[in-house]
Amino acid sequence: MTRANFAFCGAELAAVYVLTESGDELRLAEVVGDRGGSYGLPAVVALGGRSPATDAYRAGRPLWLSPAELAAYVSTDTRGVSPVGAGTLPPKFSLGALPLGHGATQVGCLVVAGEMADGFDADRRSLLELYADQVTAGLESVPARVVGRAGPRAHPGPTLVPLHSGAFTLTLDSGLMEADARVLELLGIAPEDFDGRVETLLACAVPDDIPALMAVVEPGRLSSSGEQLAFRIRRPGGELRWLGLRCRLRLGADGMPERVLGVVADAVYLRPTDDEVAIVQGLSARLAGATTVRDVSRTVVETLRRPLDASRIAVAEVESDRLLVTVLDPPEPDAWPGVWQTEWRSEWPDASVHSLPTLGSALRDGHMSLWPPGADLEPGLLGIGPGGLAVVPLPADGRLVGVCLVGWDAEHEFTPEERSLLTAVAGLLGSALRRAHALDAGHELARMLQRSLLPRKLPVLPGGVAVARYLPATAGLEVGGDWYDVIPLADAHVALVIGDVQGHSAAAATIMGQMRTAVRAYAVEGHPPDVVVSRANRLLVGMETDLFATCLYVDLDMEEGIAIFVRAGHLPPLLRHPDGTTEELVVEGGPPLGVLAETEFSMTEAGLVPGTLLTLLTDGLVESARLPLEDGMQQVSEALAASDPSDIGRVADELLGTADGRDDDVAVLLLRYDGTRVRPLRTHWTVWRLSNAVLHARRFAGRTLRSWGLTDEVDMALLVVSELVTNAIAHTQGEVGLDLTLSSERLRIAVNDTSPRSPVKPADVDWEATGGRGLFIVEATTAAWGSVPLSGGKQVWAEIDVSGGGRG
């Protein structure tokens, strides 16, 4: 049980206490340098009792006791739970108790002791705290069933306490390093050959690990809380050895960085087996031929899935505060938590680091984190690995370029071999990602532009559900001009649009964004469908570009189920009826946008019954060099007929299929029309420009509201009608219209006029003035109000809550 050769920073004894399964005791798992047991370390200490180990564990910070403080500590009533026996202490005996782990991840406590008259000084304390981190890493690598259940170890073999550990000090202004004999012994350097230069120590490391080592000792990166790194060295005899490095920055009296304190230990738990070496070598060879980020990610997943027996593996690039996911395995959306799914981009989602604080913390620390079953994680991470989760940051050239997440559904215990494999893979994958990203930086920039021009989320629609999917091409430049949009309109209408700009280039993506913006603007202005498409066509012609675009525009009345289609050189829509039959809707077409400026586009009307699934798509899904258009449309029709429209998102995913090797973009927009349960009541009245126009408008509104069964809200509604009609008559020319709409919860009053100028509330109203208070009255008496542009004018609207009164 004893090992007399232990000595580190003045400590002659080190004992590891681990938390028992019951969570109420610390059990002695290992002790080294105990002088034959003369210190009388107890096998178990209760967390509720008083001892240096339990006090440090409960406080979550180190406890340091000088000889005088320790004597006073032991002389008190410890009820037999002190980690040292009274009466056996040397006269200059100092002690330190350091918690292993932090917060909810604490696993035990390290007790160190030595004969030091003045106690451990500040430098030694810092180095011993770094040493405790080394012990924690080794302890986390040992399965729980091995540690702390059979009492302290008495057999030779791998130890929880790194016996071969050394310390060094780097003076920043001179660049000189002082390293003790243990550090030089670990690196295989004779003391007489060490010249005090950092470069001499770095020369012992494996070349792949040197950039990461250099980054760790950069003063600009270090912090007083410390940095850590696992790296490999090649011993003089050719032996490959894993070492653990932990560093901490010390500041001078002026607050400026002065020295770097470091601890180097033999990381036995990271030593790879022959099988792991073969896996890493095979992965390295395969990554050498991977030229895209997607290829790199898929290669890693295929390499790790079987050896780790993992349930899920994700690889993501880190860009600013977002994770750009490159591979999810398995690829089914249902296998991943909601934060990893998306509505606008089905190929793979992106996720905000802010929505995953635990992951963000692990990325900031920059070292691998292992989370056991039952860990307190946010749902976005817990759903990846309820039985265990490994978070592996991917470094390259001194910075973090990505992260790999490995999760298990069944309870999983992390073995040293797995830690070794994941650590070795991290460096290879990080470098490969950086190299692949550099190779395809051009089209990645264009794809990022393209995705930024697509809607991130689709609106919630009354009477229906819409979903969209987009996949970029996997061949060529991978940049295209497919786009889609869902645009809520007035009077419970919604516009669905899908289009495709000719070609694959950054120019095509730019034109796509301009066309989507133009169509949305024309639609919101209230133009009929044929006018929207006609104006978009003239806009594209006026851009003087050689590119043209196809487009399919649908104006759907969500209450009546009447859809008006306008097609400009695009594929016709597909309908799946409630009985499961499918139909390729015949829609009269026109030429693509951007060909002829004065082209007229015909409108085709069709009725949808509740339960109908409307599908708009681009030709990348149904046509390729290996797939004729007719066959592709037939395949999609068959897939729609066999689908379950209750899960419209799954329908969209099934339509996409694997889509490997596609040479064109793919966009799919689906809407399931459910119909509205209660159809709003609507009426319109043209306001005559007479001296008593407001009076006639009030009489019309009063008669209408009473016929609709409203009583309590009539006075308020008539006041709003008076103010809005008065403003329109007084400040505009031309026709003025009054629209009234009553739903189950809101009464909407809207006044249309021919002036494009929106009403503005006056900044200051003179209380002696006779006007200028209309909009203040409207704002005070309604639930909401606003103004929207219309074709040739605007509409000013206000809504009154009628949910309490109901309808007659």
Donor on one side chain, acceptor on other, [X] and [Y], under 3.5 Å:
X	Y	result
Gln634	Glu630	no
Thr618	Asp500	no
Arg538	Ser534	yes
Asp753	Ser755	no
Arg576	Thr615	no

Hey, what do you get for [atom1] ([X]) to [atom2] ([Y]), rounding to the nearest 0.5 Å?
X	Y	atom1	atom2	answer
Thr582	Leu574	OG1	CG	7.5 Å
His570	Arg567	NE2	CZ	9.5 Å
Tyr553	Ile498	OH	CD1	14.5 Å
Leu747	Glu799	CG	CD	9.0 Å
Leu614	Thr612	CG	OG1	9.0 Å
Arg746	Glu713	CZ	CD	12.0 Å

Is it the case that over 12 heavy atoms from other parts of the model lie below 6.0 angstrom from the [atom1] atom of [X]?
X	atom1	result
Asn692	CG	yes
Met716	CE	no
Arg699	CZ	no
Arg520	CZ	yes
Glu654	CD	yes

Without swapping roles, check the side chain of [X] against the backbone of [Y] for a donor-acceptor pair under 3.5 Å.
X	Y	answer
Asp674	Pro610	no
Thr581	His577	no
Arg706	Ala701	no
Asp557	Glu560	yes
Thr732	Thr754	no
Arg698	Val721	no

Pairwise side-chain contact, [X] with [Y], heavy-atom cut-off 4.5 Å (strictly under):
X	Y	value
Val519	Asp485	no
Gln635	Val622	no
Val524	Ile487	yes
Val486	Pro455	no
Trp708	Thr683	yes
Phe601	Pro529	no

For the residue pair [X] and [Y], what are the closest heavy atoms and their distance?
X	Y	answer
Tyr522	Ala536	CE1-N, 3.6 Å
Val467	Ala652	CG2-CB, 4.1 Å
Tyr673	Glu559	OH-O, 3.4 Å
Ser787	Pro759	OG-CD, 3.7 Å
Ile800	Ala717	CD1-CA, 3.7 Å
Met558	Leu461	CE-CB, 4.4 Å

Walk me through it: do Leu616 and Val668 pass the test side-chain contact (heavy atoms from CB on, under 4.5 Å)?
CA-CA 6 Å; Leu616 314 183; Val668 178; over 6 Å; no

For the pair Arg469 and Asp653, find out whether any cationic side-chain nitrogen is under 4.0 Å from an anionic carboxylate oxygen.
yes

side-chain contact (heavy atoms from CB on, under 4.5 Å) for Leu571 and Leu552? Distances and angles first, verdict last.
CA-CA 8 Å; Leu571 294 175; Leu552 176 61; over 6 Å; no

Using the six-membered ring wherever Trp is involved, compare the ring planes of Trp685 and Phe700 and label them parallel, tilted or perpendicular (cut-offs 30° and 60°).
parallel

Quick one, Leu671 with Leu669, criterion side-chain contact (heavy atoms from CB on, under 4.5 Å). Give me CA distance, side-chain angles, the key distance, then yes/no.
CA-CA 7 Å; Leu671 180 135; Leu669 177 59; over 6 Å; no

Please walk me through it: do Ile749 and Leu738 pass side-chain contact (heavy atoms from CB on, under 4.5 Å)?
CA-CA 7 Å; Ile749 302 169; Leu738 173 63; 4.0 Å; yes

